[in-house]
2 protein chains.
Amino acid sequence: MEVRQLKYLLSIGREGTFTAAAEKLFISQSALSQQVKSMEEELGVPLFDRSRNRLHFTEAGALLHQRAKHIVREVEEAKKAIHELEQLYRGTLRIGVVQTINAYLIPKIVAHFSSRYPEVQLRVHELSAPEIERQLSEHELDLGLSFKPTDYPKLTFDPLFEEELMLIVNPQHPFARREEVEAKALESEQLMLLSEGYCTRRIWDEAAKMADISPKVLIEMNTISSLLSALEDHPKAGTILPALTMKMKAAHGLSAIRIVHPSPTRTAGILWRAQGYRSKASRKLAEIATNMVQELKQ
Amino acid sequence: MEVRQLKYLLSIGREGTFTAAAEKLFISQSALSQQVKSMEEELGVPLFDRSRNRLHFTEAGALLHQRAKHIVREVEEAKKAIHELEQLYRGTLRIGVVQTINAYLIPKIVAHFSSRYPEVQLRVHELSAPEIERQLSEHELDLGLSFKPTDYPKLTFDPLFEEELMLIVNPQHPFARREEVEAKALESEQLMLLSEGYCTRRIWDEAAKMADISPKVLIEMNTISSLLSALEDHPKAGTILPALTMKMKAAHGLSAIRIVHPSPTRTAGILWRAQGYRSKASRKLAEIATNMVQELKQ
DNA sequence: TGATAGATATAAGTAAAACTTATAGTTTAA
DNA sequence: TTAAACTATAAGTTTTACTTATATCTATCA
């Protein structure tokens with residue numbers, strides 16, 4: 001039994017005769033008769049009583065007619081739901097974000113997106129960069145806001161902006177007033193860093209390697225805010241974090257000094273699965289993120 | 001979008017690949033690909049993400065898959081409901097019954113029918129014979145238990161039994177002890193009869209005409225029981241009612257006398273629409289009624 | 001690094017179905 | 001009784017669904 005046939009039934013119910021229903025359906029009366037017959041054969045029961053002038057449903061016919069109304073409506077609603085999805089009147093968007101972007105960009109992006117598309121549910125997961133890459137590959141996320149991955153097997157990366165890693169210290173620290181500092185000069189410093197595995201840490205480790213130094217790591221922590229607050233208790237120590245960190249409230253009163261030779265930089269951007277379908281919602285969100293970065297650059 | 005296609009979608013959801021789903025569906029993988037493609041074209045949205053090894057639903061695909069489960073289940077349930085109707089595990093049977101049959105036969109028939117088919121809802125309407133004929137023609141009833149109609153344009157009549165009309169009187173009445181009475185002898189009697197339009201009345205009127213008499217009609221009433229109780233207050237009057245009436249409690253203590261020359265008789269039976277579908281329930285009920293009359297005759 | 005296995009897509013042809021036209025049969029109403 | 005309105009059926013056509021065969025892609029393994 002097909003949806004088409006059920007629609008025929010509804011039309012017959014509305015019109016009262018095969019002939020009128022067939023006209024409304026833009027098919028011949030004969031085709032309609034045949035389809036009804038095939039339904040009756042499939043079900044093994046007559047659906048109509050053709051004895052009298054006016055057509056009547058049999059009990060089975062009336063039952064099926066009743067059900068058909070529901071079924072056809074549900075099919076139409078399913079189609080509608082999908083179109084709404086495409087119009088962003090519905091749906092879910094799962095995005096994975098690294099800590100810094102979460103703190104810096106996400107509030108603005110979310111505000112913008114959800115005021116334009118209030119029916120789309122945003123699920124923002126703060127995750128480490130590798131975890132974002134994994135979950136994206138596993139279709140557990142739709143979109144990532146992260147850093148350029150070292151190797152991206154099935155992922156594409158659209159850069160949003162570049163960002164330097166800065167040495168962040170307490171104002172009491174001897175470097176506090178300096179504009180910039182040579183990487184080499186950090187050799188003897190006590191550093192509090194993000195745990196290994198974090199992108200920021202990896203980039204710093206590479207920069208240190210390039211400068212041929214290996215400064216002492218006093219403490220490893222896994223959130224930016226805990227590092228920042230730790231600075232208050234360790235005025236002699238420093239930490240290395242992305243420049244954006246300074247926009248956080250928790251960084252208020254701290255000093256950020258550029259590191260040169262080399263300057264550890266990382267590229268933030270949008271991460272997608274390389275091939276495959278990108279939902280309208282994810283494309284819109286990426287667009288908003290891009291525009292927002294453009295605006296902030298000016 | 002057709003039920004067939006939605007079933008395909010469900011199978012793909014279960015099996016995880018087109019190939020496996022096609023096998024389970026006993027169609028080629030190619031056919032399945034084509035059908036999915038046609039759905040995607042109809043909806044204007046991809047349903048699957050074919051980028052990776054394992055197949056993934058897109059958000060739209062997952063949404064449709066979800067809906068398809070409901071829709072396909074509803075279609076199956078509609079089919080099942082119709083089969084239940086045929087198995088008499090479901091349904092409604094509307095029967096129209098004349099007063100005497102209602103009082104005499106219906107309780108037994110209903111008891112039998114509803115103990116065998118408890119899921120079928122019986123709707124018994126006590127109606128006049130012409131009203132039964134009209135409602136049956138208008139498809140407002142499925143079956144009638146009534147009397148042989150004078151002219152039955154689109155109805156068939158299967159006789160169940162014949163029944164004589166009797167003169168019913170109070171024991172004080174002069175005829176009370178007689179075995180039978182000539183129709184002619186009723187000329188001078190005071191009669192309390194059913195209203196015109198009732199079958200019993202019509203048959204009596206015809207018999208009176210044949211006997212060339214026109215007895216005085218003292219009172220017309222429209223229920224049998226009111227006639228019977230009226231007899232108590234009018235010991236000199238009589239009423240003419242079907243023999244079966246005497247089986248009613250209300251007739252206790254009254255006398256029934258056969259009328260001869262002519263003997264007004266009527267034939268009770270089952271009334272159907274001549275052509276057209278007869279539901280299984282109505283056929284079963286007719287069968288039970290027939291058997292019941294056979295048993296009672298013995 | 002190719003070779004292979006396992007998957008989907010596509011092209012072309014075939015089978016099945018849905019549909020059309022034409023016609024016959026019914027029923028109702030004039 | 002005939003015409004009008006309706007449904008059923010037969011025969012032929014068109015469209016759709018499907019099959020076979022092949023191409024293409026990806027992941028895995030040697």
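We name chains A, B, ... by the order of the sequence lines, and we start the count at 1 in each one. Because the structure is predicted, anything quoted here is derived from the model rather than measured.
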> Between C/dG6 atom P and B/E15 atom CD, what is the distance in whole Å?
Replying inline: 17 Å
For residues 93-101 of chain B, please give each side-chain donor-acceptor pair under 3.5 Å, one per line with the distance, not counting sequence neighbours.
residue	atom	partner	partner atom	Å
B/R94	NE	B/D142	OD2	3.2
B/R94	NH1	B/H139	O	3.4
B/R94	NH1	B/E140	O	3.4
B/R94	NH2	B/H139	O	3.3
B/R94	NH2	B/D142	OD1	2.9
B/Q99	OE1	B/I224	N	2.8
B/Q99	NE2	B/N222	O	3.4
B/T100	OG1	B/R266	NH2	2.6

> Under 4.0 Å between a side-chain N/O of A/K37 and OP1 or OP2 of D/dT9, yes or no?
Replying inline: yes
Report each atom pair, protein N/O against N/O of nucleotides 20-22 of chain D, whose distance is under 3.5 angstrom.
residue	atom	partner	partner atom	Å
D/dT20	O4	B/S30	OG	2.9

> Any side-chain N or O of A/T19 under 4.0 Å from OP1/OP2 of D/dA5?
Replying inline: no
>> Regarding A/Y8, tell me which of base, sugar-phosphate or nothing describes its non-hydrogen contacts under 4.0 Å with the strands shown.
In response: sugar-phosphate
>> Looking at B/K284 and B/E287, is any side-chain nitrogen of the basic one under 4.0 Å from a carboxylate oxygen of the acidic one?
In response: yes
> Under 4.0 Å between a Lys/Arg side-chain N and an Asp/Glu carboxylate O for B/E196 and B/R202?
Replying inline: no
>> I'd like to check the side-chain hydrogen bond (donor to acceptor under 3.5 Å, both in side chains) partners of B/R90; sequence neighbours left out, ordered by chain and number.
In response: B/E84
> Separation of A/F18 atom CZ from C/dT27 atom C1', in whole Å?
Replying inline: 15 Å
>> Using the side-chain heavy atoms of A/I27, tell me which of these nucleotides is nearest: C/dT20, C/dA7, D/dC6.
In response: C/dT20
>> Looking at A/E131 and A/R134, is there a salt bridge between them, counting it only when a charged N and a carboxylate O are closer than 4.0 Å?
In response: yes
> Which whole-number value in Å describes the distance from B/E23 CD to D/dT19 P?
Replying inline: 12 Å
> Over how many whole Å does the gap from B/L6 atom CG to D/dA17 atom P extend?
Replying inline: 13 Å
>> Can you measure A/M39 atom CE to C/dA17 atom P for me and round it to whole angstrom units?
In response: 16 Å
> Between B/L55 (CG) and C/dG6 (C1'), how many Å, whole number?
Replying inline: 13 Å
>> Is it true that, when you exclude A/H70 itself, more than 12 heavy atoms of the residues, nucleotides or ligands shown sit nearer than 6.0 Å to its NE2?
In response: no
> Tell me: CZ of A/R273 to P of D/dA27, nearest whole Å?
Replying inline: 13 Å
> Taking OP1 and OP2 of D/dT16, is either one under 4.0 Å from a side-chain nitrogen or oxygen of A/R4?
Replying inline: no
> Atom CD of B/Q35 and atom C1' of D/dT19: how far apart are they, to the nearest Å?
Replying inline: 13 Å
> So, are A/R201 and A/D205 salt-bridged, with charged N and O less than 4.0 Å apart?
Replying inline: yes
